[in-house]
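Here's the structure we're looking at; comments come further down.
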Amino acid sequence: MKRRLVSCFLAVWLSGPSIALAGPDRLSVLLGSEHVNATRSFQEFNPGVFLTWERGLNYSAGLYYNSYKKVSPLVSVGYDWEVAQDFDLGAFFAVAVYPGDGDEFSHAMGDVVPFVGLQARYKNVFVQLIPADGDSLDALFTFGLSFELE
């Protein structure tokens, strides 16, 4: 099941037109997170780097220091709407690998954890909201900086 989900997601992620041939359009730097109503202590400093190809849908891949103090690879697909000049709102679906910590999530397949969330970007600052199941936290906010690549 885990391999099938990862294979399907990677096939969708790679199906963006010319994604493998064209360079990325955006570089994002994850800085940290806030675990809302957490019942335990989590790592809140989560540096990471992501490359995004904007092709109608946004396809991203990167690495970050997760809340369990390990490095996680992540791929995502999302869509943003321009609400005003320099202000976008969007939604995304992501799959991350949490080495040895997948059992901390009720919805993981082994160490592979799917996420859905909402995001906003104003100029170079972004924030994301990922709802949680309420067992160990109610939601996760992440934040960082994002830069267009030329």
Side-chain angles (χ1 to χ4, degrees), residues 2-3 5-36 38 41-102 104-105 107-132 136-150:
K2 175 172 68 171
R3 285 185 186 159
L5 176 66
V6 171
S7 296
C8 289
F9 183 76
L10 287 175
V12 169
W13 187 79
L14 291 173
S15 69
S18 332
I19 195 163
L21 301 175
D25 299 298
R26 182 168 294 281
L27 171 73
S28 296
V29 178
L30 178 64
L31 297 174
S33 62
E34 174 63 32
H35 296 76
V36 179
S41 178
F42 288 100
Q43 175 69 30
E44 304 284 1
F45 177 62
N46 309 106
V49 63
F50 300 90
L51 296 173
T52 300
W53 289 260
E54 297 171 335
R55 306 284 188 272
L57 292 176
N58 299 325
Y59 302 91
S60 298
L63 298 167
Y64 64 102
Y65 186 61
N66 70 38
S67 300
Y68 298 97
K69 301 180 181 179
K70 295 179 183 166
V71 174
S72 286
L74 178 139
V75 293
S76 70
V77 61
Y79 187 79
D80 290 329
W81 295 271
E82 185 176 358
V83 176
Q85 183 176 352
D86 297 326
F87 183 63
D88 293 341
L89 291 176
F92 65 92
F93 172 76
V95 175
V97 177
Y98 277 72
D101 293 312
E104 297 288 334
F105 299 85
H107 56 282
M109 290 141 297
D111 288 341
V112 177
V113 182
F115 296 105
V116 295
L118 302 173
Q119 58 193 12
R121 185 177 66 238
Y122 178 69
K123 295 188 178 185
N124 290 50
V125 176
F126 74 85
V127 63
Q128 296 176 315
L129 169 63
I130 302 168
S136 60
L137 65 137
D138 291 336
L140 174 68
F141 282 100
T142 67
F143 55 90
L145 301 171
S146 186
F147 306 94
E148 284 188 45
L149 300 173
E150 308 250 348

Taking all non-hydrogen atoms of both residues, which atom of Arg55 and which atom of Gly23 are closest, and how far apart? NH2-O, 3.6 Å
If we only count heavy atoms from C-beta on, is the Val127 to Phe141 side-chain gap below 4.5 Å? yes
From Leu149 atom CG to Trp53 atom CH2, the distance as rounded to the nearest 0.5 Å: 10.0 Å
Ser72 side chain vs Val97 backbone, donor-acceptor pair below 3.5 Å: yes
Distance-only, no hydrogens or angles: does the Asn46 side chain make a donor-acceptor pair with backbone N or O of Tyr65 under 3.5 Å? yes
Donor-acceptor pair, distance only, cut-off 3.5 Å: does the side chain of Asp111 make one with the backbone of Gly100? yes
Phe92 side chain near Ile130 side chain, heavy-atom distance below 4.5 Å: yes
Residue pair Met109 / Pro114, side-chain heavy-atom distance below 4.5 Å: yes
For the residue pair Ser67 and His35, establish whether any side-chain heavy-atom pair is separated by less than 4.5 Å. yes
Taking Val77's backbone N and O only, do any of them form a donor-acceptor pair with Asn58's side chain (distance below 3.5 Å, no angle check)? no
Checking the side chain of Asp80 only, and the main-chain atoms of Asp88 only, is there a donor and an acceptor separated by less than 3.5 Å? no
With a 4.5 Å cut-off on side-chain heavy atoms, are Thr52 and Pro24 touching? no
Residue among Arg26, Gln119, Arg121 satisfying side chain to side chain donor-acceptor pair (under 3.5 Å) with Ser146: Arg26
Tyr68-Phe42 aromatic ring centre distance below 6.0 Å: yes
